[in-house]
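Written out below as structure tokens is the structure these notes cover.
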Amino acid sequence: MASQSIFAPRYLALSIGIILAAMTIGFEGLAVTTVAPAIAGDLQGIHLFGWIFSAYLLAQIVGTLVIGRQIDRKGPALLFTIAIILFAVGLIIAAIASNMYVLIASRALQGFGAGAMYTCIYTAISLSYPDALRAKILGALGTAYVLPSMLGPYVAGLIASQWSWRFVFWGVLPFLLLAVLLSLPVFRKLKMPDAVEKKEAGVIGMSVVLAVGTGIFLSGLGMLPKMLGAVLLLIGLLLMAQPLRKLLPKGTLVFRPGLSSLIASRGLFFAAYVCTQNFLVLALTDTKGLAADHAGLVVASAALSWCIVAILQARWDAADQGRGRNKRIIAGIMLMLLGIGIMVFVPTLNVVLAVIGEIIAGIGIGLAHTTSGTVAFSLAKEGEAGQVSGSLQFADSFTPGVAIGIGGAIIAISQTAAISMEAAITLAMVFNIVLVLLSLLASSRTKLAQSSSQEPQAGTVRNEI
């Protein structure tokens with residue numbers, strides 16, 4: 001039935017537009033990971049290397065939270081336009097940057113724009129697609145984000161080696177423009193329901209405090225085990241505590257049943273997945289002697305299985321009319337636990353285990369990540385689609401960044417203590433398993449809440465396309 005397709009005439013422009021936007025963000029992020037060493041070397045800023053990523057992460061947090069709180073009142077069209085402009089300006093400044101400080105500033109603009117764009121995209125999905133199609137568009141969106149991980153690093157490396165890393169940023173702009181031309185006209189037609197009145201004063205201030213606190217926290221982690229590192233870590237935690245309580249759904253930090261525990265679960269399992277990818281590459285290149293491109297192929301095996309399952313889960317969702325969503329989330333988390341558990345042994349055993357573990361973990365994230373977004377929208381109250389969208393994007397950006405910092409600190413401390421690299425990476429992988437176990441606990445509380453809830457409220461949202 002045509003009406004049951006995300007590519008039916010009613011949804012075609014929006015679907016292609018937001019898929020292109022997701023691919024653009026995904027490619028740019030992965031491309032920068034590949035060309036970052038060349039950037040730092042060319043701009044003589046190797047001592048600021050980490051801030052190429054930290055500036056993006058911290059600004060993304062602000063963009064996600066600020067836009068998430070504004071979008072329910074102002075609608076996605078204006079805010080999406082602002083986000084696109086900031087992202088594009090960030091790309092242009094990066095392409096012409098003459099020093100590392102300008103480059104870092106451009107990365108902050110890109111991060112804010114990317115966080116805001118994704119929040120607008122999630123809100124448009126909540127408003128535009130019926131519940132039966134949300135699993136399909138979220139699956140396509142997940143596939144669109146993951147696909148660049150197969151080709152992005154190789155293409156970016158080729159561009160940087162044949163021409164210049166600057167062309168990586170220029171090359172993203174045409175795809176961004178096409179995404180805007182397709183999706184923005186539809187965004188303008190969306191009608192927002194009456195927003196739930198909440199006191200919003202101080203949201204921007206709290207977001208900035210959270211970003212500053214996170215930056216201090218990550219800086220402190222990088223200095224451990226020095227005393228200054230411990231002091232900065234404590235200051236960062238103190239600054240982060242209150243904004244996290246205020247900006248996340250109430251009870252997120254204590255796994256309150258319902259939407260709060262779902263957001264917590266998503267943040268934890270996604271952090272574990274991202275951390276595993278980072279430390280697996282380190283294990284393969286540093287302890288197994290694989291070339292970077294070969295290590296990238298191993299990591300791509302998870303991206304492939306993620307893509308396949310993200311597509312299949314939409315069919316499963318349609319077959320059981322959403323009744324098996326919680327089971328798919330829990331099954332996905334358990335598969336991630338198995339996959340990461342296998343990869344714990346990679347530093348001391350062989351590469352074949354890495355591929356097996358990656359495929360299993362990819363299946364798990366393909367089930368859990370896409371389905372958790374569908375469930376979150378079904379639990380959202382009318383007038384809070386933007387806040388839920390912001391919370392989902394926050395879970396995908398904040399927790400992975402912090403978790404990577406903690407994993408890096410584990411390795412740094414292990415090195416200081418004269419522990420072998422194999423053992424250090426193993427400890428970091430064990431930390432990821434702890435994150436998955438906590439995610440499983442949070443997810444079980446989501447199940448209890450949803451099973452006792454009434455009919456999903458998000459379907460009452462009306463729109464005109």
Side-chain angles (χ1 to χ4, degrees), residues 221 224 252-255 261-288 295 298-299 301-303 305-306 309 326-369 371-372 395-415 417 419-447:
L221 282 174
L224 290 176
T252 300
L253 300 180
V254 294
F255 302 165
S261 61
L262 179 70
I263 297 298
S265 177
R266 179 179 171 116
L268 288 164
F269 72 65
F270 193 65
Y273 176 81
V274 174
C275 283
T276 299
Q277 300 299 83
N278 280 268
F279 295 120
L280 177 63
V281 172
L282 181 61
L284 293 173
T285 56
D286 213 61
T287 68
K288 295 300 175 185
V298 174
V299 171
S301 62
S305 58
W306 181 347
V309 173
N326 277 311
K327 291 180 180 179
R328 283 191 283 276
I329 292 175
I330 292 176
I333 296 172
M334 293 184 71
L335 285 169
M336 288 182 63
L337 183 62
L338 175 60
I340 296 173
I342 290 173
M343 285 184 277
V344 166
F345 300 100
V346 169
T348 56
L349 293 178
N350 58 56
V351 178
V352 175
L353 278 178
V355 175
I356 295 173
E358 279 287 273
I359 291 173
I360 295 174
I363 293 172
I365 192 73
L367 279 173
H369 190 264
T371 309
S372 65
D396 286 354
S397 57
F398 176 76
T399 42
V402 173
I404 290 172
I406 294 173
I410 290 174
I411 291 179
I413 294 170
S414 299
Q415 294 273 280
I419 297 174
S420 68
M421 180 59 77
E422 290 89 343
I425 296 175
T426 299
L427 288 173
M429 289 290 196
V430 170
F431 168 68
N432 295 334
I433 289 179
V434 173
L435 293 179
V436 179
L437 289 172
L438 288 172
S439 174
L440 190 60
L441 173 62
S443 183
S444 68
R445 295 175 68 81
T446 303
K447 179 181 180 181

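Since the model is a prediction, treat every value here as computed from it, not as a measurement.
- Atom CG in N326 sits 10.0 Å away from atom OG in S444 (nearest 0.5 Å).
- For T399, the side chain to side chain contact (heavy atoms under 4.5 Å, CB included) partners at least two apart in sequence or on another chain are A271.
- Scored by the side chain to side chain contact (heavy atoms under 4.5 Å, CB included) test, I406 finds F217, L221, V402, I410, F431 as partners (sequence neighbours excluded).
- Using a distance-only test at 3.5 Å, with no hydrogens or angles considered, a donor-acceptor pair links the side chain of S305 to the main chain of A302.
- Summarising the geometry, atom CD1 belonging to I330 is positioned 9.5 Å from atom NZ belonging to K327; distances are rounded to the nearest 0.5 Å.
- Closest heavy-atom contact between G366 and V309: C-CG1, 3.8 Å.
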Without placing hydrogens or testing angles, list every side-chain donor-acceptor pair under 3.5 Å for residues 432-440, not counting sequence neighbours.
from: N432; atom 1: ND2; to: T276; atom 2: OG1; distance (Å): 3.3
from: S439; atom 1: OG; to: S265; atom 2: O; distance (Å): 2.9
from: S439; atom 1: OG; to: S265; atom 2: OG; distance (Å): 3.0

**Request:** Determine, step by step, whether Y273 and H369 satisfy the side-chain contact (heavy atoms from CB on, under 4.5 Å) criterion, reporting the C-alpha distance in whole Å, the side-chain angles of both residues, the deciding distance to 0.1 Å, and the verdict.
**Result:** CA-CA 10 Å; Y273 176 81; H369 190 264; over 6 Å; no

**side-chain contact (heavy atoms from CB on, under 4.5 Å) assessment of S443 paired with F269** = CA-CA 10 Å; S443 183; F269 72 65; over 6 Å; no

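- Listed for the R445 side chain is a donor-acceptor partner under 3.5 Å among the backbone atoms of F255.
- We find the CD-CG distance between E358 and L353 to be 12.0 Å, quoted to the nearest 0.5 Å.
- The minimum heavy-atom distance linking F270 with P400 is given by the pair CD2-CG, 3.6 Å.
- Put simply, the residue from I360, I365, L367 that forms a side chain to side chain contact (heavy atoms under 4.5 Å, CB included) with M336 is I365.
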